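Read the structure below first, then the notes.
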Number of protein chains: 2
Amino acid sequence: MSDLTALLRERGLRSTPHRRAVLYALAERPHVTANEVASAVARTASGPGAVTELSRQGLYNVLEDLRRVGLVRSIEPAGSPALFELQAGDNHHHAICRSCGAVQDVPCSIGAAPCLDAPSVGGFVPDEAEIVFWGRCAACATSL
Amino acid sequence: MSDLTALLRERGLRSTPHRRAVLYALAERPHVTANEVASAVARTASGPGAVTELSRQGLYNVLEDLRRVGLVRSIEPAGSPALFELQAGDNHHHAICRSCGAVQDVPCSIGAAPCLDAPSVGGFVPDEAEIVFWGRCAACATSL
DNA sequence: CTCATAGTTAGACCGAGTCAAGTGTGGGGG
DNA sequence: CCCCCACACTTGACTCGGTCTAACTATGAG
């Protein structure tokens, strides 16, 4: 758990219980909404790592801080609140189930990095490509 | 303008002034927010095609109807309200400028259809791939 | 010890979109 | 010709996710 502390310090952030709790929560379950992070953190409140409730503002501050230093990434699929995950640095993409909303990681496999190839169009300078595959997850596809 | 009527009938929708006005507005300017559509429609109110103001709910109804029959497509970039465009049927993607928010169409050029290749992962059955390139548009890139 | 600053809180606020329920309205049947 | 019903549309309250503001508290460098 103290590696979380190291991680935070490394990025120039103070290591606070809330920040550690958020990182810990995201490590356990990827692709969670801000609310889910909040309740995960709240649940931590009863464990040994005891954490006081985190206010809404506090939560967003923490998430934004972590995002800014590159520890956390967020995606905002159409029709869903923002989802947060630990930044793995592997530039993977996401597959989202149209019927149950489950989010799955998809390794960035198309060739090397299809990711930044495309738009030489009109002088546009891309720095990131975000790909979302919409469809049905295994469970929902079979139960059709 | 009556081709809009035909278009609507073809898809099983009554041709109403509001629906025509929305289609017309989208034909003129792609990637507009619901609000922008609303004001475009309102502006039409003073022209020859006179249209009475369209309520918020009415607007969303029209947009949803058009989307359902495949005349309109919408994208919801992170941190922005939904943007609407006419469905061109060409499955193009979008490049969004991080600094000015401008949205540009990007032809779906990577190979044939990178679009549905990827996730054989875990039984996921994709039906659409949505790609967003984030970066700087020509104007913002040069003015750095 | 002390003070600036980072972190936190409570609560008002906002924009985008949805819900529910009512009002027109226009195009068939009786 | 009139009634009636489906569909278009309006109004206003409401929800949800998130932001802003203004305080308060804890921390840690000097």
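Side chains included, hydrogens not; waters and symmetry mates left out as well; all remaining heavy atoms used. Computed from a prediction, not measured in an experiment: that's the story for all the values here. Proteins get letters first, then strands, A, B, ... in listed order; numbering begins at 1 in each.
- Using a 4.0 Å heavy-atom cutoff across all strands shown, A:T16 reaches sugar-phosphate atoms only and no base atom.
- Regarding contacts with the backbone of C:dT8, a side-chain N or O of A:H18 is found under 4.0 angstrom from either OP1 or OP2.
- Not a single side chain to side chain donor-acceptor pair (under 3.5 Å) links B:S39 to another residue, sequence neighbours left out.
- Listed by chain and residue number, A:A82, B:A78 satisfy the side chain to side chain contact (heavy atoms under 4.5 Å, CB included) test with A:E76 (two or more places apart in sequence, or in another chain).
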Each nucleotide of nucleotides 22-30 of chain D classed B (base within 4.0 Å of a protein heavy atom), S (only sugar-phosphate) or -, in 5' to 3' order, makes ---------
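- Applying the side chain to side chain contact (heavy atoms under 4.5 Å, CB included) rule to B:S99 yields the partners B:C97, B:R136, B:C140; only residues at least two apart in sequence or on another chain are considered.
- B:T33 meets the side chain to side chain contact (heavy atoms under 4.5 Å, CB included) test with B:N35, B:E36, B:P81, B:L83; sequence neighbours excluded.
- If you measure from atom CZ of B:R20 to atom C1' of D:dA8, you get 13 Å, rounded to the nearest angstrom.
- Between the P atom of C:dT18 and the CD atom of B:E64 lies a distance of 8 Å, rounded to the nearest Å.
- With sequence neighbours left out, A:R68 forms a side chain to side chain donor-acceptor pair (under 3.5 Å) with A:D65.
- Atom CG in A:L59 sits roughly 13 Å away from atom C1' in C:dT9 (whole-Å rounding).
- Under the ring pair (Phe, Tyr, Trp, His ring centres under 6.0 Å) criterion, A:H94 pairs with A:H31, A:H92, sequence neighbours left out.
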Identify every side-chain donor-acceptor pair in residues 55-63 of chain B under 3.5 Å, counting partners at least two apart or on other chains, and give the distances.
| residue | atom | partner | partner atom | Å |
| --- | --- | --- | --- | --- |
| B:S55 | OG | B:G58 | N | 3.0 |
| B:Q57 | NE2 | B:N61 | OD1 | 3.2 |

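- The distance from atom CG of A:L13 to atom P of C:dT8 is 11 Å, rounded to the nearest whole Å.
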Could you walk me through whether B:L8 and B:L71 pass the side chain to side chain contact (heavy atoms under 4.5 Å, CB included) test, one step at a time?
CA-CA 9 Å; B:L8 287 163; B:L71 287 176; 4.1 Å; yes
Give every pair of a protein N or O atom and an N or O atom of nucleotides 15-18 of chain D that lie under 3.5 Å apart, one pair per line with the distance.
| residue | atom | partner | partner atom | Å |
| --- | --- | --- | --- | --- |
| D:dG18 | OP1 | A:A82 | N | 3.1 |
| D:dG18 | OP2 | A:Y60 | OH | 2.7 |
| D:dG18 | O5' | A:Y60 | OH | 3.3 |
| D:dG18 | N7 | A:R56 | NH1 | 2.3 |
| D:dG18 | O6 | A:R56 | NH1 | 2.9 |
| D:dG18 | O6 | A:R56 | NH2 | 3.0 |

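- For the pair B:N61 CG and D:dA6 P, the computed distance is 18 Å after rounding to whole Å.
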